[in-house]
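Shown next, in structure tokens, is the structure this report addresses.
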There are 2 protein chains.
Amino acid sequence: MPTLTATARRNEARETYNAFLATCPAHQLLARISDKWVSLVLSALSNGPMRYSDLSRKIAGASQKMLTQTLRTLERDGLVSREVTPSVPVRVDYALTELGASLMPVIRAVKDWSERNITSVLAARQSYDLGATSR
Amino acid sequence: MPTLTATARRNEARETYNAFLATCPAHQLLARISDKWVSLVLSALSNGPMRYSDLSRKIAGASQKMLTQTLRTLERDGLVSREVTPSVPVRVDYALTELGASLMPVIRAVKDWSERNITSVLAARQSYDLGATSR
DNA sequence: CCGCATCCCCTTCGATACTG
DNA sequence: CAGTATCGAAGGGGATGCGG
């Protein structure tokens with residue numbers, strides 16, 4: 001049954017490939033920084049440390065849950081630091097670590113490319129969509 | 001009822017913010033290139049044009065559906081070109097456009113940063129997870 | 001003030017089968 | 001060879017309420 005073996009081989013190839021992807025540094029980190037809220041949080045913190053509530057106000061689109069979750073993963077990855085002041089009420093300050101700061105130029109590069117080329121992309125989309133309707 | 005108005009204001013703030021995000025070039029394009037398969041497809045094509053089946057073999061982890069979908073959006077955004085040769089059987093070639101090629105340095109920058117700093121990130125994770133278990 | 005836990009929707013993605 | 005169509009499972013993310 002050649003069909004079965006072909007399918008089996010495809011599955012095996014996929015597994016192998018995905019295992020490779022899981023250990024690929026570039027891909028892991030791309031996945032991190034491309035998270036919907038990560039770039040916004042890092043950008044906000046690039047101007048200096050902020051309290052949780054400040055971030056919450058600044059990044060109004062994020063739910064509490066997403067903001068906390070994002071900050072946790074960033075802390076875990078050593079990109080931001082978290083300092084708790086056990087006063088009443090509690091105060092928590094977040095700041096970019098050195099590692100986090102070193103990532104900013106990369107984020108800026110993405111941003112720069114985007115702003116330079118967004119018009120081309122938008123034009124391409126319009127032209128593509130036009131072709132679709134006339135078909 | 002102050003609670004209600006507070007909630008209402010948060011919702012309004014969120015909507016405004018999300019509307020802003022939807023029109024933000026940097027965010028739109030970050031979302032594009034950060035798609036799981038986009039960087040892989042672009043990297044594969046950076047060595048020269050490839051046929052659909054070649055891409056499918058090279059990027060073994062992607063399902064047919066995802067590969068096609070990815071190629072469609074990239075074509076729509078003007079980052080890759082799609083050329084159909086109506087022979088029997090059909091032959092379709094994909095290639096990077098000039099715009100797509102101009103994006104490669106940015107992708108390379110992300111990759112370079114990742115490879116330089118992955119050890120730091122991994123170390124940070126380990127230390128973070130250690131602290132959690134001992135707590 | 002900060003954050004965790006629960007519930008629930010709704011999108012996303014893989015598997016499979018079918019067309020030109 | 002190069003897709004398209006449909007279905008079902010899985011998980012992201014919001015709303016809400018409680019705890020320190």
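Residue numbers begin at 1 in each chain, while the letters A, B, ... track the order of the sequences. FYI, side chains are in, hydrogens and waters are out, and symmetry mates aren't considered; it's all heavy atoms of this structure.
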So does [Y] get a backbone contact from the side chain of [X], meaning a donor-acceptor N/O pair under 3.5 Å?
X	Y	result
B:Ser56	B:Ser53	no
B:Ser102	B:Leu99	yes
A:Ser34	A:Leu30	yes

Of residues 38-56 of chain A, the positions that come close to DNA chain C - non-hydrogen atoms, cut-off under 4.0 Å:
A:Arg51, A:Tyr52, A:Ser53

Considering every strand and a 4.0 Å limit on heavy-atom distances, what is the contact class for B:Val92: base, sugar-phosphate, or nothing?
sugar-phosphate

Contact between A:Ser114 and A:Val110 at the side-chain level, heavy atoms closer than 4.5 Å - yes or no?
yes

With a 4.5 Å cut-off on side-chain heavy atoms, are B:Glu83 and B:Arg91 touching?
no

Heteroatom pairs (N/O) under 3.5 angstrom, protein to nucleotides 6-13 of chain D:
residue: D:dG13; atom: N7; partner: A:Lys65; partner atom: NZ; Å: 3.4

Under 4.0 Å between a side-chain N or O of A:Arg57 and OP1 or OP2 of C:dC1?
no

Contact under 4.0 Å: B:Arg72 side-chain N or O vs D:dT4 OP1/OP2:
yes

Would you say that more than 12 heavy atoms from the other residues, nucleotides or ligands in this model lie under 6.0 Å from the CZ of A:Arg72, or not?
yes

For B:Arg125, does the CZ atom have more than 12 heavy-atom neighbours from other residues, nucleotides or ligands under 6.0 Å away?
yes

Please report the distance, rounded to the nearest Å, between [atom1] in [X] and [atom2] in [N].
X	N	atom1	atom2	answer
B:Leu67	D:dC1	CG	P	14 Å
B:Arg14	D:dG14	CZ	C1'	7 Å
B:Glu83	D:dG3	CD	P	13 Å
B:Leu71	D:dT4	CG	C1'	15 Å
A:Gln64	C:dC2	CD	P	10 Å

side-chain contact (heavy atoms from CB on, under 4.5 Å) test vs B:Val80 passes for just one of B:Thr73, B:Thr70, B:Leu45, namely B:Leu45

Out of the candidates A:Leu96, A:Leu74, A:Val41, only one should pair with A:Leu79 under the side-chain contact (heavy atoms from CB on, under 4.5 Å) rule; please name it.
A:Leu74

